[in-house]
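Notes follow once the structure below has been shown.
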Amino acid sequence: MSRHQRPRQSVLRPRRLAAPPLRFFLPLSVLVTLLALMVLRGMANNEVFHDEKVAVSVDKTTVPKSVLEGGPVVDSRGDKQDAPVSYTVPDKTVVLTFDDGPSTDWTPKILDVLAKEHIQADFFVTGSMTTRNPALIRRIVAEGHEIGVHTYTHPDLALHNNMRLGWELGETQLALAGVAGIHSSLFRPPYSSTADALDDWSWPVTKEVGKDGYLVAFIDKDTDDWKRPGVNAIVKAAMPDLAGQGEMILLHDAGGNRAQTLAALPIIIDKLKAEGYTFKTIGQALGAGSANTKVTGSTLWAGKAFVWATSFSVGLMPWLVVVLAVVGVLVFSRFALMLVLSLIHVRRTRKPGFSWGAPVTGPVSVIVPAYNEQECIANTLLSLAASDHPIEVIVVDDGSSDDTAALVEEMDLPMVRLIRQPNSGKPAALNTGVAAASYDLIVMMDGDTVFEPATVRELVQPFGDARIGAVAGNAKVGNRDTLIGAWQHIEYVMGFNLDRRMYDVLDCMPTIPGAVGAFRREALHQVGGMSDDTLAEDTDVTMALHRAGWKIVYAENARAWTEAPGSMSQLWSQRYRWSYGTMQAMWKHRHAFFERGPGGRFGRIGLPFVALFMVFTPLLAPAIDIAMVYGVFFVDPYKSLLAWFAVLALQGFCAWWSFRLDREKAWYLITLPVQQVVYRVLMYMVLLQSWITALTGGRLRWQKLRRTGEVGLDVTTTEAVQS
């Protein structure tokens, strides 16, 4: 529907907006950020990138014999890449190591035991557990224990490439920096055991982390405590094979119920102490100093930012769940209301013998505001000339810079009057036409719209009821044979006309379309005519009429064919104006919520419906698609797709129902799946930018859409389906 340029002296002064590409930047950035936060939260909870696949042992042809026969600590750093060195734990020395933590359930209790025994140990932590339990990491460091890196999500790195390896180590180090201000030079691969278990798949991982400066710590004794074999079995497995032999013992402080580990730990300590063993960290045992290195500067702040973002994402998820629930309730509620109320509307208006009152046969004034409509104006006027109802046509040329006025004069149609005025905006052009109209019933249409012969007659019949002050017609897309046109055709039939049936039954019609609407002159005068306070003068005047006590209804057989925007850029511009104008109109008429009578009814029913279904739901609806993408890639692809397609199926049913009510061909619905996604994202971006424009005090100007004139008289005869 065409909009006109606003005058320079308008209350809403034009201001240049950002370049078109920037329109998409902020909204898309919000969506990408939201998805990134969900992934970050999934990483922290081991939902993302976490798998438990374990590589099957293969040959050991590439592993040096010295490593296979050496101690549990392997050094392949720097000049040792080609000749790695193994270190053993000194005799009568034990290194206690704990994997997979920290855990809020078991790590504090294990730390209590170690503190009581004055023992320091090594904790190989995962990044995900680190970000979730920062206080425990700080306690471990404060009590003199050593931290080792055990990856972020605990995958078997033998099954992944070096990029994944670097990511797992880097993110864990970021978490340690942010939580405790340290980095660690110790690394233990998940699912590893003794050094002699290294093979041709796992050895490259050890060499690669050596390049990054890590000592790789394997074990001497695996207690298998994670299997919970019993306290005695755990204690027995921890004992050295040879008396006095130094060893590195593997235990776990997370990953499940560790009650047996906790019970076995003091027994292990007592037994080994009784045999003359001392307990040290890896760094102490090797005489190399602590593996914990303090970090400062940008590294420290990068870690803090990472931990903050992770914590924020974890705290955000419950709110996202609430948002999804709210969106789901709103979407399903809207569908249910549309289906039920549209059926009520159809049964009422199509019942045999139904009429609004005495037939309306008197002549009608049709006002056509025109600004640079030379491509379309001839088709518009020829369609009106074929009207089966007596009319006068007033074309108000609003300062066109093309040949619009000349074409109207050249056609010289007997029922057409041409009024020229300086460019003043569409509301002013409509008011000029109303002032010049000869009759009390006034039809308004756009200069790019084509009426069927019966449109005017059908549009004015509801005025047989004296309570009705305005009538909304049935706007249809004429240029529907392109993909974008087909999408808008679905939107008009499903989103606009089905909505209008619902609003008609609820007696809270929010908008009379500019392409096809009718008014009583008395009603227009009562509300002061068309206002230029907002960019949606049609919505503005409709709300004003409700507050003045007039009824507004929908005439489904009053069909008008309009030329919809032919490109995504033009569609964006149109919807941007509509959404911003709707928000302006809602704000202007917000006091209706507190009024009595018909105005209060509209304020307490109509305004909330518009806010919920035309502003907030489209703004939040892309959360459905973000959740689907997240679910497909990181949770359960089958259930996620099933839920998404269930919503799409419901939308499809509503679309089919709306097409059936409008007697439209359903084959256009084959584009519905893509249309739904495109329109959800488009309306989200449009509404977000509208909110930003409103909150920052920005102003939009009227923008003229480029028309082609392809919607002509043939549309009314070949496309329209007669009742």
Side-chain angles (χ1 to χ4, degrees), residues 43 46 48-89 95 97-100 122-130 146-176 183-222 226 248 250 252 255 282-283 286 288 291 293:
M43 286 164 46
N46 265 5
V48 174
F49 306 130
H50 175 69
D51 64 69
E52 297 181 352
K53 296 177 182 178
V54 181
V56 178
S57 181
V58 294
D59 294 337
K60 306 173 185 288
T61 56
T62 61
V63 187
K65 185 177 180 181
S66 61
V67 172
L68 293 174
E69 296 177 352
V73 180
V74 177
D75 184 359
S76 59
R77 298 174 297 177
D79 58 0
K80 300 183 182 69
Q81 272 284 301
D82 296 327
V85 176
S86 294
Y87 301 101
T88 59
V89 178
V95 177
T97 65
F98 298 88
D99 280 11
D100 299 347
D122 283 77
F123 288 82
F124 288 88
V125 300
T126 64
S128 63
M129 297 296 280
T130 297
E146 212 164 39
I147 296 287
V149 173
H150 199 45
T151 72
Y152 199 94
T153 61
H154 203 272
D156 187 341
L157 294 173
L159 299 175
H160 298 280
N161 57 29
N162 288 342
M163 181 181 295
R164 175 68 180 271
L165 171 61
W167 178 84
E168 291 281 348
L169 300 180
E171 301 302 294
T172 306
Q173 295 283 27
L174 270 178
L176 290 173
H183 276 177
S184 173
S185 58
L186 283 177
F187 172 70
R188 174 173 288 167
Y191 306 105
S192 62
S193 59
T194 57
D196 61 7
L198 283 166
D199 58 26
D200 292 343
W201 279 13
S202 56
W203 174 242
V205 174
T206 303
K207 290 189 66 177
E208 189 64 30
V209 297
K211 290 181 183 178
D212 293 331
Y214 288 92
L215 279 176
V216 183
F218 296 101
I219 59 173
D220 291 305
K221 303 292 291 185
D222 188 350
W226 63 275
M248 188 179 299
L250 171 61
H252 294 82
I282 294 175
L286 300 183
T293 304

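Every heavy atom of this structure was used, including side-chain atoms; hydrogens, water molecules and symmetry mates were not.
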- Task: Answer yes or no: are there more than 12 heavy-atom neighbours, outside Asp82 itself, under 6.0 Å from its atom CG?
- Result: no
- Task: Check the surroundings of atom CH2 in Trp226: do more than 12 heavy atoms from other residues, nucleotides or ligands lie under 6.0 Å from it?
- Result: no
- Task: Identify, with sequence neighbours excluded, every residue that meets side chain to side chain donor-acceptor pair (under 3.5 Å) alongside Gln173.
- Result: Tyr214
- Interatomic distance, OG@Ser86 vs CZ@Phe218, rounded to 0.5 Å, equals 9.0 Å
Is [X] reaching over with its side chain to a backbone N or O of [Y], donor-acceptor style, under 3.5 angstrom?
X: Glu208; Y: Leu165; answer: no
X: Lys60; Y: Leu198; answer: yes
X: Thr293; Y: Ser185; answer: no
X: Asp100; Y: Gly255; answer: no

- Option among Val85, Leu286, Val89 that satisfies the side-chain contact (heavy atoms from CB on, under 4.5 Å) test with Val73: Leu286
- Show your reasoning for whether side chain to side chain contact (heavy atoms under 4.5 Å, CB included) applies to Trp167 and Thr153. CA-CA 10 Å; Trp167 178 84; Thr153 61; 4.2 Å; yes
- Heavy-atom side-chain proximity of His150 to Val125 below 4.5 angstrom: no
- Note on the structure: Applying salt bridge (charged side-chain N to carboxylate O under 4.0 Å, His left out) to Asp99 and not counting sequence neighbours gives Arg188
